[in-house]
Number of protein chains: 2
Amino acid sequence: MKKSLPLSAIRINDSYWNRYIKLIPDKVIPYQWEVLNDLRDDTPPSYCLKNFRIAAGDEEGKQQGMVFQDSDAAKWLEAVAYSLAGRSDPELEKTADDVIALIGRAQESDGYINTYFSLNYPHEKWMNLTEGHELYCAGHLIEAAVAYYETTGKKTLLDIVCRLADLICKTFGPEEGQMHGYPGHPEVELALVKLYRATGVSRYLDMAKYFIDTRGGQPNYFVEEKKRPGSRNIWGSFFDPKYFQSHLPVREQVTAEGHSVRALYLFSAMADIAQEYNDSGLLKSCRVLWDNIVQKRMYITGSIGSSGFLERFTVDYDLPNDSNYSETCASIALAMFGLRMAKATGDASYFDTVELALYNTVRSGISLEGDRYFYVNPMEVWPQACIDFSSRSHVKPERQKWFDCACCPTNVARTFTSLGQYIYFQDADELFINLFIQNETSFTVNEKNVSLSLITDYPKTGNVKFVLKGDAALSLNIRIPSFAEDFSVIKNGSPAAGEKKNNYYRIANVRGGDEIYVSFSVKPRIIYPNPKVHYNCGKAAIARGPEIFCFEQCDNDENLASLSLDCERPLTESWRDDLLGGLMIIKAKGKRLIEPEDAHSFSEKFNPRTEDAELTAIPYGFWCNRTPGEMLVWIRTE
Amino acid sequence: MKKSLPLSAIRINDSYWNRYIKLIPDKVIPYQWEVLNDLRDDTPPSYCLKNFRIAAGDEEGKQQGMVFQDSDAAKWLEAVAYSLAGRSDPELEKTADDVIALIGRAQESDGYINTYFSLNYPHEKWMNLTEGHELYCAGHLIEAAVAYYETTGKKTLLDIVCRLADLICKTFGPEEGQMHGYPGHPEVELALVKLYRATGVSRYLDMAKYFIDTRGGQPNYFVEEKKRPGSRNIWGSFFDPKYFQSHLPVREQVTAEGHSVRALYLFSAMADIAQEYNDSGLLKSCRVLWDNIVQKRMYITGSIGSSGFLERFTVDYDLPNDSNYSETCASIALAMFGLRMAKATGDASYFDTVELALYNTVRSGISLEGDRYFYVNPMEVWPQACIDFSSRSHVKPERQKWFDCACCPTNVARTFTSLGQYIYFQDADELFINLFIQNETSFTVNEKNVSLSLITDYPKTGNVKFVLKGDAALSLNIRIPSFAEDFSVIKNGSPAAGEKKNNYYRIANVRGGDEIYVSFSVKPRIIYPNPKVHYNCGKAAIARGPEIFCFEQCDNDENLASLSLDCERPLTESWRDDLLGGLMIIKAKGKRLIEPEDAHSFSEKFNPRTEDAELTAIPYGFWCNRTPGEMLVWIRTE
């Protein structure tokens with residue numbers, strides 16, 4: 001069974017990713033610690049740690065913030081855990097240990113942890129699975145505990161969440177006297193799989209499977225729940241079973257529906273369960289859902305959630321550019337699903353999408369200073385039109401310091417500190433390389449220690465060198481990205497014999513001392529839309545390697561919509577070391593519509609006139625790190 | 001002072017408009033009567049008349065429906081009043097008299113009428129001007145009363161509303177002990193002007209002026225109101241002073257802000273007050289606001305309100321095509337404002353916009369069967385993407401039987417039954433012809449009776465004939481539409497001497513027996529957007545005379561976004577007597593993007609290919625009267 005190499009075995013030192021990977025422990029974790037402790041004057045109070053202190057009896061008061069506010073602390077802890085795998089930081093570890101102790105004191109005697117219900121509605125526990133987010137918060141705490149255990153070896157938090165998981169296993173299940181429900185926001189399912197893998201306790205895996213298998217049955221649990229005496233709406237009377245992925249049993253769902261993060265956390269767990277139980281039927285369902293997303297409901301930047309209302313999927317090919325949600329968390333969830341699908345199927349093509357999400361939308365989610373975040377990641381922004389109390393009030397033209405619903409910032413932190421989990425899979429003497437991020441790693445093959453250096457400046461170039469050391473033979477399976485039409489593989493100076501299978505190039509019998517070079521093209525390319533995407537008819541986009549490019553006002557003047565791209569003329573790339581820590585820019589030729597003197601918005605007297613324009617594009621993940629302004633991915637073509 | 005000719009003096013018999021003008025008394029008024037009385041199984045209950053019956057003591061219960069539900073009955077009555085000017089209908093008049101008697105019995109002893117507050121919150125009267133809509137409902141009742149009085153001569157309702165207006169005049173004003181507020185939803189202001197004009201009681205006019213002059217001062221009345229003890233939110237805690245046009249004193253407002261109908265009802269009253277008080281400063285403010293709307297915030301179909309959220313204006317040139325509001329009522333309000341501006345300024349160019357609104361959006365608001373309505377009038381519809389709980393759930397691809405907030409259907413009814421008010425202005429011996437709708441009218445000039453026949457098949461052609469009868473001389477001022485580049489005017493067989501002034505062609509000394517022919521071109525024309533409207537860069541639209549054209553799926557197959565228009569090739573018009581009661585269709589040449597076999601929404605492997613396409617457009621006002629489907633106004637150009 002394919003597994004990621006443990007994070008503690010991977011040392012990333014990558015000219016492209018270092019700017020983010022150093023950013024998280026240096027800036028992001030301290031910044032978020034201040035926010036979560038209400039220590040900053042320039043962000044709204046989070047109450048997150050305060051809630052735990054109240055629940056622990058250290059302070060007086062009620063829980064404040066979102067019903068799922070606890071999860072911010074959990075994701076922060078998870079990011080801390082991963083960052084401790086990358087470098088030692090005794091002070092940070094001490095802080096984390098203190099938070100863990102606090103959480104332990106906030107835990108009720110039966111194992112229950114949730115400050116919203118413990119403090120505000122102690123008699124309503126598990127009564128509102130639809131909106132209550134208790135299982136969601138439990139899931140994030142479990143993920144944090146597994147991470148902290150795996151990177152520090154410390155078991156305190158693991159023990160805490162095992163008591164919580166045991167309570168969940170006792171409370172939910174098929175037996176009489178148990179609740180036959182499932183979470184309104186999936187998350188605990190994939191966390192329980194992680195807990196099973198960390199502890200070997202199979203009831204956690206069974207619990208996850210129960211939640212998966214029960215979901216969407218008739219009568220709908222959420223509908224029934226609302227009918228019960230004492231039922232109370234937390235967020236109003238809204239209910240749509242699709243929003244909660246409860247319209248059908250999950251194995252019968254063929255389109256990705258509802259809230260995107262909920263959907264993708266659910267699908268991630270489904271892929272885990274399919275792998276663990278070798279459940280080909282469930283895996284097939286996962287494939288159908290994946291294909292629906294990637295083919296028909298995903299933006300070119302690897303983002304999902306077309307509706308500006310409710311952060312949700314809409315219908316096939318409905319991908320509006322300027323009013324979408326494309327939540328940062330949803331792309332993280334998409335990467336998580338893709339990682340699991342690649343593991344379960346052995347097909348590297350899932351990483352084309354994982355890469356799109358990580359290199360574009362997830363990076364867009366955080367500023368290069370680490371203290372500003374996008375929740376919504378549009379394909380096109382016209383700042384003047386993004387006003388409050390309007391259809392586009394959810395689209396922020398600049399990253400924000402924090403959010404009332406602050407799921408994204410900590411999610412980016414835990415994702416970038418655990419990027420290593422995406423790079424390699426191992427399965428016996430087969431090593432799979434999924435992402436091209438420079439690092440050194442060591443692992444064992446047939447009980448022999450080997451080390452591997454992956455040396456690259458990707459995505460600046462598509463040149464990747466592998467140097468294996470140690471006394472063992474293994475097969476290297478190197479992912480060939482879908483954009484790489486041609487590629488060459490050299491082993492110790494000669495073309496390497498191998499075969500392309502499942503979108504990996506497999507080179508058998510690689511031994512200590514072998515050096516392997518892979519080279520593929522990352523030259524700029526033009527991407528065209530399917531005309532079924534109404535919004536993009538007559539447009540095109542530019543990509544290079546895994547990066548999607550965009551046009552910014554600071555490079556192209558205002559009114560980007562007035563620009564058009566000449567697809568027949570060459571795209572010129574140039575590396576700019578001086579810009580934002582180093583990035584590729586692409587120049588193109590095109591036209592600009594000339595604005596008339598007449599101020600009217602339309603006229604039969606207008607006669608469209610254009611002038612030549614030189615267009616400049618930068619990678620989408622870097623947008624809005626200079627002077628804020630308009631941004632555009634899909635550009636009209638001439 | 002220019003005044004509209006009274007409705008009772010105008011007999012419309014017009015090949016184009018008859019389909020609507022006959023529809024209202026034949027179908028719409030009876031249909032709406034059933035809805036307002038909860039007699040239909042296929043529409044949600046309105047409670048509107050039931051609320052009045054409860055308030056009158058005929059039934060038991062509480063008020064149900066919207067806080068402004070009373071206004072639906074008022075607008076229905078107003079439509080009935082106007083329809084009685086067009087044709088006698090004793091049975092309908094008896095029904096209306098009964099409703100009026102019912103309203104009289106629902107009136108409290110001090111003159112107060114509002115079933116929401118009388119029945120549900122009797123101690124909260126006038127306490128929530130922001131949301132309460134008491135003055136709004138009063139305004140609509142006053143408009144109905146004036147209409148009923150003017151067309152039937154009956155004073156019962158007029159007396160009722162005078163008592164209500166007297167209460168308002170006592171309650172509000174600058175004196176100590178009076179409330180210094182103004183309505184959250186403007187409407188009563190223009191109604192009080194009408195009441196003044198009908199009764200000659202100047203305090204009603206002064207009251208309207210007080211509301212106008214007080215609005216938007218500091219401290220903001222609505223903000224202060226919320227602070228008072230006992231303040232209760234009707235619709236939640238939302239507040240934005242711009243939404244309520246209370247961010248600045250009205251004379252300092254230079255952009256149209258907030259809820260479009262509120263804004264335009266307010267501006268209409270401002271134009272009335274400017275005319276009545278000969279207030280050039282206020283008229284200048286009206287001009288500035290008008291220009292802002294018409295130049296920068298109005299759709300090509302004469303509709304307003306770009307935001308799908310809160311039915312509101314956004315910013316200059318922000319005119320998205322598929323997520324806008326463009327409420328039917330807002331275009332009615334725009335026509336009302338334009339009518340008043342033309343009266344106050346004597347400039348016919350305001351009627352270019354009035355005509356756009358009436359011929360396009362207001363007509364779009366009602367089906368040719370009279371029993372289906374659009375609230376939202378988009379420029380582009382992709383039905384599959386208009387799903388519930390999404391950014392486009394407000395856009396309905398088909399007209400609806402009714403709405404929970406049902407302002408539009410009765411508003412269309414009262415507008416089409418009072419279309420005559422737009423056709424003529426008289427000022428002493430000057431007659432102004434604003435709209436080309438075939439009719440016969442009679443009026444007096446220097447105390448002598450004259451009659452005028454306006455004979456036309458406009459907009460099928462731009463040929464209009466005027467035949468004057470009677471023993472008087474007058475000047476005919478014939479509006480020359482902005483789209484009519486060339487025009488000819490013939491008087492009794494010879495070119496008519498005259499001058500073009502304020503966009504009217506003025507022919508002096510027209511006498512009984514004179515026949516005047518005006519002819520102008522209504523040939524199809526292409527309208528281009530200002531590139532400042534980002535959404536329309538690279539697109540064009542087709543118009544002919546006052547009608548904007550659109551493409552429908554039933555004529556052009558699915559995926560209208562894949563079509564492009566060849567602007568260099570001729571547009572071919574043909575009259576279709578067989579279609580929807582007679583309309584012009586326009587054929588054009590263009591291309592269609594061919595959809596690839598590959599289902600992906602984007603790909604570097606796609607290579608855009610097109611095929612020739614013949615495009616068919618019909619007038620926007622007729623859309624969705626055949627097989628529902630996609631619709632498109634702005635089309636890509638080649």
Side-chain angles (χ1 to χ4, degrees), chain A residues 238 240 243 294-298 300 306-310 312 314-315 317-320 322-323 382 384-385 387-391 393 483 525-538 541 543 559-562 564 593-596 598-604 606-608 636-637, chain B residues 238 240 243 294-298 300 306-310 312 314-315 317-320 322-323 382 384-385 387-391 393 483 525-538 541 543 559-562 564 593-596 598-604 606-608 636-637:
Chain A
F238 165 77
D240 171 13
Y243 178 79
V294 169
Q295 292 183 11
K296 301 176 183 173
R297 299 190 175 202
M298 184 184 76
I300 189 173
S306 314
S307 175
F309 182 61
L310 291 173
R312 71 182 292 173
T314 57
V315 295
Y317 303 112
D318 179 36
L319 297 165
D322 63 344
S323 62
W382 182 18
Q384 289 93 317
I387 61 170
D388 286 345
F389 311 122
S390 80
S391 298
S393 51
F483 58 77
R525 60 195 194 278
I526 290 179
I527 296 182
Y528 289 101
N530 191 319
K532 287 178 189 291
V533 182
H534 292 203
Y535 314 97
N536 292 342
C537 285
N559 199 351
L560 300 178
S562 71
S564 55
L593 281 164
I594 299 170
E595 292 182 2
D598 185 334
H600 282 83
S601 63
F602 58 88
S603 172
E604 57 217 51
F606 289 160
N607 188 16
R636 290 184 303 115
T637 58
Chain B
F238 164 77
D240 171 14
Y243 178 80
V294 170
Q295 292 182 12
K296 302 177 184 173
R297 300 189 175 203
M298 184 183 77
I300 190 173
S306 314
S307 175
F309 182 61
L310 291 173
R312 71 182 293 171
T314 57
V315 295
Y317 303 112
D318 178 35
L319 297 164
D322 62 345
S323 62
W382 182 16
Q384 289 91 316
I387 61 169
D388 287 344
F389 310 122
S390 81
S391 297
S393 51
F483 59 77
R525 59 195 194 277
I526 290 178
I527 296 182
Y528 289 102
N530 191 320
K532 287 177 189 291
V533 183
H534 293 203
Y535 314 97
N536 292 341
C537 285
N559 199 351
L560 300 177
S562 72
S564 56
L593 281 164
I594 299 170
E595 292 181 1
D598 184 335
H600 281 84
S601 63
F602 57 87
S603 173
E604 57 217 52
F606 290 160
N607 187 16
R636 290 185 303 114
T637 58

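Within every chain, numbering begins at 1; the chains are lettered A, B, ... in the order of the sequence lines, protein sequences first and strands thereafter.
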Quiz item: For the atom pair NZ (B/Lys532) and CZ (A/Phe602), what is the distance rounded to the nearest 0.5 Å?
Solution: 16.0 Å
Practice problem: Locate the shortest heavy-atom distance separating A/Gly538 from B/Leu593; write the atom from each residue and the value. | Solution: N-CD1, 3.9 Å
Quiz item: Any side-chain heavy atom of B/Pro531 sitting closer than 4.5 Å to one from A/Pro596?
Solution: yes
Practice problem: Look up atom CG in B/Leu310 and atom CG in A/Asp388, then write down how far apart they are to the nearest 0.5 Å. | Solution: 11.0 Å
Quiz item: Do you know which of A/Tyr528, A/Phe483, A/Phe606, A/Phe238 has the most heavy-atom pairs under 4.5 Å to chain B?
Solution: A/Tyr528
Self-check item: Between CD1 on residue B/Ile300 and CD on residue A/Glu604, distance to nearest 0.5 Å
Solution: 9.0 Å
Quiz item: Which one of A/Ile527, A/Thr637, A/Val533 has the most heavy-atom pairs closer than 4.5 Å to chain B?
Solution: A/Ile527
Quiz item: With only heavy atoms counted, which part of A/Ile594 is less than 4.5 Å from chain B, the side chain, the backbone, both or neither?
Solution: backbone
Quiz item: Considering only heavy atoms, which portion of B/Tyr243 lies under 4.5 Å from any heavy atom of chain A: side chain, backbone, both, or neither?
Solution: neither
Quiz prompt | Sidechain-backbone polar pair: B/Asp240 side chain, A/Phe389 backbone, donor-acceptor under 3.5 Å | solution = no
Quiz item: Does A/Asn530 reach the side chain of B/Ser603, with side-chain heavy atoms less than 4.5 Å apart?
Solution: no
Quiz item: From B/Gln384 CD over to A/Thr314 OG1, what is the distance, rounded to the nearest 0.5 angstrom?
Solution: 11.0 Å
Quiz prompt | Shortest non-hydrogen contact from B/Ala385 toward A/Val315 | solution = CA-CG2, 4.0 Å
Quiz item: Could you state the interatomic distance from OH (A/Tyr317) to CG (B/Asn559), rounded to the nearest 0.5 Å?
Solution: 11.0 Å
Quiz item: Which one of B/Gly308, B/Ser562, B/Pro608, B/Ser323 has the most heavy-atom pairs closer than 4.5 Å to chain A?
Solution: B/Pro608
Quiz item: Taking every heavy-atom pair that is under 4.5 Å apart, which of B/Met298, B/Arg297, B/Glu595 has the most such pairs with chain A?
Solution: B/Glu595
Self-check item: Side chain / backbone / both / neither for B/Ile387 at chain A, heavy atoms under 4.5 Å
Solution: side chain
Quiz item: Among B/Ala541, B/Ala561, B/Cys537, B/Ser307, which residue forms the greatest number of heavy-atom pairs with chain A at distances under 4.5 Å?
Solution: B/Cys537
Practice problem: Looking only at non-hydrogen atoms, find the nearest pair between A/Tyr535 and B/Asp322 and report the distance. | Solution: CE2-OD2, 3.3 Å
